[in-house]
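Below, chain A is the first sequence line, B the second, and so on; all start at residue 1.
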Amino acid sequence: MLMSQLYAPTLREVPAEAELISHQLMLRSGMIRKSTAGVYTYLPLGLRVLHRVMDIVREEMNRADGQEIMLPIIQPAELWHETGRWEDYGAEMFKLRDRHERLFCLGPTHEEIITALIRSEVRSYRQLPLRLYQIQNKYRDEIRPRFGVMRGREFIMKDLYSFDKDEEQLQESYTAMYEAYERIFARCGLDTRPVEADSGTIGGDMTHEFMVLAESGEAQVVYCDSCSYAANVEKAEVRLPEVEGEDAAETMQAMARVDTPGVTTIEQLESFLGSKADRFVKTMLYMADEKPVAALVRGDHTLNEVKLQKHLGCTTLALADSTTIEKVTGAPVGFAGPVGLSLPIVADCAVPVVRNAVVGGNERDLHLTGVNFERDYNVDTVGDLRQAEAGDGCPRCSGTLVEAYGIEVGQVFKLGTKYSEPLNAAYLDESGRERLLLMGCYGIGVSRTVAAIIEQNHDEDGICWPVSVAPYQAVVIPINPKDETQRDAAEAIYRSLSAESVSVVLDDRNERPGVKFKDADLIGFPLRIVIGPKTLANGQVEIGIRKTKEKYTVPVDDAAQEAAKAIQR
RNA sequence: CGGGGCGUAGCGCAGUUUGGCUAGCGCGCCUGCCUUGGGAGCAGGAGGUCGGAGGUUCAAAUCCUCUCGCCCCGACCA
């Protein structure tokens, strides 16, 4: 490819709309352009990278016995009514009507449509296991699309669905996918970490998310500093603390009322009373399936709503509004406490052991001190309700949890019968008995993966593509294309590289060297071959490695061969 | 959906408060000269429904009303 012909409109300045480095670089290097919020056009460079990632995904899916298909984007509403997700997905779905007023949606995911396909085609255990996948556009009307292709409303996803006859076979599928994912992300040059996760609206009992650890990640994860435990904070368990000796030994004080005018937050309370938040008990009022419930966590802890919802076994959970709070506690927001509260109370494990706690007094401007579990208040149930955080004990070993942010690039789910049951997808087993198919689904955000690769592979000058996904592996730059010797040498090297199946761009533009170097760095060609007067005088050309900034010279005649060798490494 | 901000040339912005001549600047783009190891220089040039609609006024980028879009924070989410 000639640079003069390549449609890669690079930008010198950072577009105002882009905040994330990957978004800025994708726009600046001419990979993408925005069409409308959360919807992007891929220009040649962007599309080439997408294809490289897709190629890797395909290879690994095929290797794991996946068979590629293509499911429709437009899906009939009826199917979604059958699983109840027409409502559950709600405003998140792009919905449309045809001329006969029939309702459709643009597929946000494809469990329904594939299960509907399979239920009429798969009849026997002999046809199992079956693993089908596609690489397809998905549509989700995100509340707030942002970060370029990282969170778009139209995005590309690889989704594989597994159909198995029993739990053992499902586990094999799950493991095969898990391992395929590790290979895919490694081949993409990504440092990922699988973490245990909550299954959210997709449902199912076991799931891992594959996280690219990055400052810009939207998901918070914790991982152990000494074993392999890692989990999304929504899911992360907390090792129960041993009853702290000094706390338990402390003598119980008498409960006392303290006037705390206008003190409604933990921070204010800390400075007002001059004591630490770990001596406080926070009382949060929730509406669980429309009924009020109080949840207690220690002052310095954060309540985890996912855990609370599971603990309560409710289907809806939301913080109570201020009117409700005043009605059930008798005090404005900020003064709720467990003492004398007559509604269901659940407490995090760390709460009962707090001696002489400070709690809200259920009266305006009042808190109570010296409050003790059982003597002064009681709870209905105790459980793990709080968010894990850095410094907590690992639930699997004696290590300590560390916090990090991650970009979720993939997720594997065991779905079980969540979709085969409502959609009635069954097969006949060895004994002729009808049984429900066990399903799994396994997604990779392909477009998001491209952005994640940039997040992990860039420097102040631009992108540093791993060779495996680079839009072109090398660029050949003659310093002065008007110099015949340089031009001829450059063209010869360019042709030899092409002949050796190295994807290469020849920067034949009549630009000054600085411009070409800047563009090459920005676009991120892994390898750069510079033909200039300095080295050519000695019959040499320069090979430069984008990522390491390493440079060395080789004889002109060996250039293509040496470059190809460098790309192999 | 709540809060905040922004729409002026391909990109980045000034001008709007206090209405006034032909709407500016930098980068990019085109032509020529010149230059060629890190976004050079000189000269000339093209490019604008000032997001849209309506209104006020002798006069609107500027004031008023409505509307569309985009960005950020929050709630939500793979």
Side-chain angles (χ1 to χ4, degrees), chain A residues 9-20 23-24 27-28 30 33-39 88-93 107-111 138-148 150-153 155-159 197-204 207-211 217-219 232 234 305-306 317-319 321 406-413 441-449 452 460-462 477-483 486-487 507 509-522 528-537 541-542 544 549 551 553:
Chain A
T10 56
L11 303 174
R12 289 195 179 190
E13 289 175 272
V14 180
E17 69 188 47
E19 192 186 14
L20 217 60
H23 188 192
Q24 294 174 358
L27 287 167
R28 286 191 56 210
R33 286 293 182 265
K34 182 172 71 178
S35 169
T36 182
V39 181
D88 289 357
Y89 240 104
E92 200 87 350
M93 266 203 290
T109 175
H110 287 73
E111 282 84 10
K138 297 270 193 278
Y139 296 84
R140 294 186 192 172
D141 193 0
E142 288 288 339
I143 295 172
R144 183 144 90 89
R146 58 182 138 176
F147 302 148
M150 194 73 90
R151 176 172 293 269
R153 296 196 292 173
F155 59 102
I156 302 166
M157 193 169 185
K158 182 286 305 181
D159 43 329
D198 180 68
S199 53
T201 50
I202 303 271
T207 177
H208 285 86
E209 292 169 336
F210 284 76
M211 295 288 188
E218 294 184 86
N232 190 309
E234 289 178 356
E305 292 190 5
V306 174
L317 183 75
L319 269 172
D321 59 42
I407 299 163
E408 186 196 331
V409 288
Q411 186 160 20
V412 290
F413 288 95
C441 75
Y442 315 85
I444 289 180
V446 177
S447 35
R448 176 181 284 186
T449 297
E460 62 284 356
D461 295 318
I477 301 180
I479 290 296
N480 181 357
K482 286 187 174 164
D483 178 311
Q486 287 180 41
R487 198 180 58 216
D507 197 341
R509 295 175 301 172
N510 183 22
E511 289 284 357
R512 293 170 58 85
V515 173
K516 299 187 208 177
F517 290 146
K518 288 290 183 188
D519 274 342
D521 288 347
L522 179 60
R528 182 178 91 180
I529 300 139
V530 179
I531 295 96
K534 284 199 307 204
T535 53
L536 208 53
V541 298
E542 177 193 277
K549 295 193 160 80
K551 284 178 199 158
T553 55

Quick one: [atom1] on [X] to [atom2] on [Y], what's the gap to the nearest 0.5 Å?
{"X": "A:Arg528", "Y": "A:Ile477", "atom1": "CZ", "atom2": "CD1", "value": "5.5 Å"}
{"X": "A:Glu218", "Y": "A:Leu20", "atom1": "CD", "atom2": "CG", "value": "8.5 Å"}
{"X": "A:Thr449", "Y": "A:Lys158", "atom1": "OG1", "atom2": "NZ", "value": "10.5 Å"}
{"X": "A:Met150", "Y": "A:Ser447", "atom1": "CE", "atom2": "OG", "value": "10.0 Å"}
{"X": "A:Arg151", "Y": "A:Glu142", "atom1": "CZ", "atom2": "CD", "value": "4.5 Å"}
{"X": "A:Ile444", "Y": "A:Ile156", "atom1": "CD1", "atom2": "CD1", "value": "13.0 Å"}

Legend entry - Nearest non-hydrogen partners of A:Arg153 and A:Ala37, listed with the distance: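 Between these two residues, the closest heavy atoms are NE-O, 2.9 Å.
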What pairs of donor and acceptor atoms, side-chain ones from residues 512-521 of chain A against any protein atom, are under 3.5 angstrom apart with sequence neighbours left out?
from     : atom 1 : to       : atom 2 : distance (Å)
A:Lys516 : NZ     : A:Pro478 : O      : 2.8
A:Lys516 : NZ     : A:Arg509 : O      : 3.2
A:Asp519 : OD1    : A:Thr10  : OG1    : 3.0
A:Asp519 : OD2    : A:Arg509 : NH1    : 3.1
A:Asp519 : OD2    : A:Arg509 : NH2    : 3.2

How close or far is atom [atom2] of [N] from atom [atom1] of [X], stated in whole angstroms?
{"X": "A:Met150", "N": "B:rC72", "atom1": "CE", "atom2": "P", "result": "13 Å"}
{"X": "A:Ile156", "N": "B:rA78", "atom1": "CD1", "atom2": "C1'", "result": "15 Å"}
{"X": "A:Tyr442", "N": "B:rA78", "atom1": "OH", "atom2": "P", "result": "18 Å"}
{"X": "A:Arg33", "N": "B:rC70", "atom1": "CZ", "atom2": "P", "result": "18 Å"}
{"X": "A:His110", "N": "B:rA78", "atom1": "NE2", "atom2": "C1'", "result": "14 Å"}

Legend entry - Comparing A:Lys34 and A:Glu209 on RNA chain B - which has the more 5′ nearest nucleotide: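 Between the two, 5'-proximity favours A:Lys34.
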Legend entry - Most 5' of A:Ala18 and A:Arg509 on RNA chain B, judged by nearest nucleotide: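 Its nearest nucleotide being more 5', the pick is A:Arg509.
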Inset, instruction - Kindly say if A:Arg12 contacts the phosphate of B:rC27, meaning a side-chain N or O under 4.0 Å from OP1 or OP2. - result: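 For A:Arg12, the contact criterion (side-chain N or O under 4.0 Å from OP1 or OP2 of B:rC27) is not met.
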Please give the nucleotide sitting opposite [N] as a Watson-Crick or G-U wobble pair, both distances under 3.5 Å, or none.
{"N": "B:rG2", "answer": "B:rC73"}
{"N": "B:rU57", "answer": "none"}
{"N": "B:rU62", "answer": "none"}
{"N": "B:rC21", "answer": "none"}

Inset, instruction - Indicate yes or no: does A:Glu511 engage A:Lys482 in a salt bridge with an N to O separation below 4.0 Å. - result: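 No, A:Glu511 and A:Lys482 are not salt-bridged.
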Legend entry - Protein proximity profile, nucleotides 29-38 of chain B - base contact B, sugar-phosphate-only contact S, no contact -, cut-off 4.0 Å on heavy atoms: ------BBBB
Inset, instruction - Let me see the working for A:Asn232 and A:Glu209 under side-chain hydrogen bond (donor to acceptor under 3.5 Å, both in side chains), right down to the final yes or no. - result: CA-CA 8 Å; A:Asn232 190 309; A:Glu209 292 169 336; 2.8 Å; yes
Legend entry - Partner residues of A:Glu19 under the side chain to side chain contact (heavy atoms under 4.5 Å, CB included) criterion, sequence neighbours left out: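 Listed in chain order: A:Phe147.
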Inset, instruction - Assign A:Gly38 to base, sugar-phosphate, or nothing according to its heavy-atom contacts below 4.0 angstrom with the strands shown. - result: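 The residue A:Gly38 makes no contact with any strand.
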Inset, instruction - Give A:Asp483 one of three labels, base, sugar-phosphate or nothing, depending on what nucleic acid heavy atoms sit under 4.0 Å from its own. - result: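 Since no nucleic acid heavy atom lies under 4.0 Å of A:Asp483, the category is nothing.
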Legend entry - pair A:Val39-A:Lys34: side-chain heavy atoms closer than 4.5 Å: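 Heavy-atom side-chain distance check fails, nothing below 4.5 Å.
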How far does the [atom1] atom of [N] sit from the matching atom of [M], given to the nearest Å?
{"N": "B:rA23", "M": "B:rG47", "atom1": "P", "answer": "13 Å"}
{"N": "B:rC27", "M": "B:rU22", "atom1": "C1'", "answer": "24 Å"}
{"N": "B:rU16", "M": "B:rC21", "atom1": "P", "answer": "13 Å"}

Inset, instruction - Test for a donor-acceptor pair under 3.5 Å between the base of B:rG28 and the side chain of A:Arg28, counting only N and O atoms. - result: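 Between B:rG28 and A:Arg28, which were checked side chain against base, a qualifying N/O pair under 3.5 Å is absent.
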Legend entry - Test ring-ring contact (aromatic ring centres under 6.0 Å, His included) applied to A:Phe210 - qualifying residues, sequence neighbours left out: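 Once residues adjacent in sequence are excluded, the partners of A:Phe210 under the ring-ring contact (aromatic ring centres under 6.0 Å, His included) criterion are A:Tyr178, A:Tyr181, A:Phe185.
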For nucleotides 11-15 of chain B, give me every protein contact, N/O to N/O, under 3.5 Å, one pair per line with atom names.
from   : atom 1 : to      : atom 2 : distance (Å)
B:rC11 : O2     : A:Glu13 : OE1    : 3.4
B:rG12 : OP1    : A:Ala16 : N      : 3.0

Protein-nucleic acid N or O pairs under 3.5 Å, nucleotides 74-76 of chain B:
none

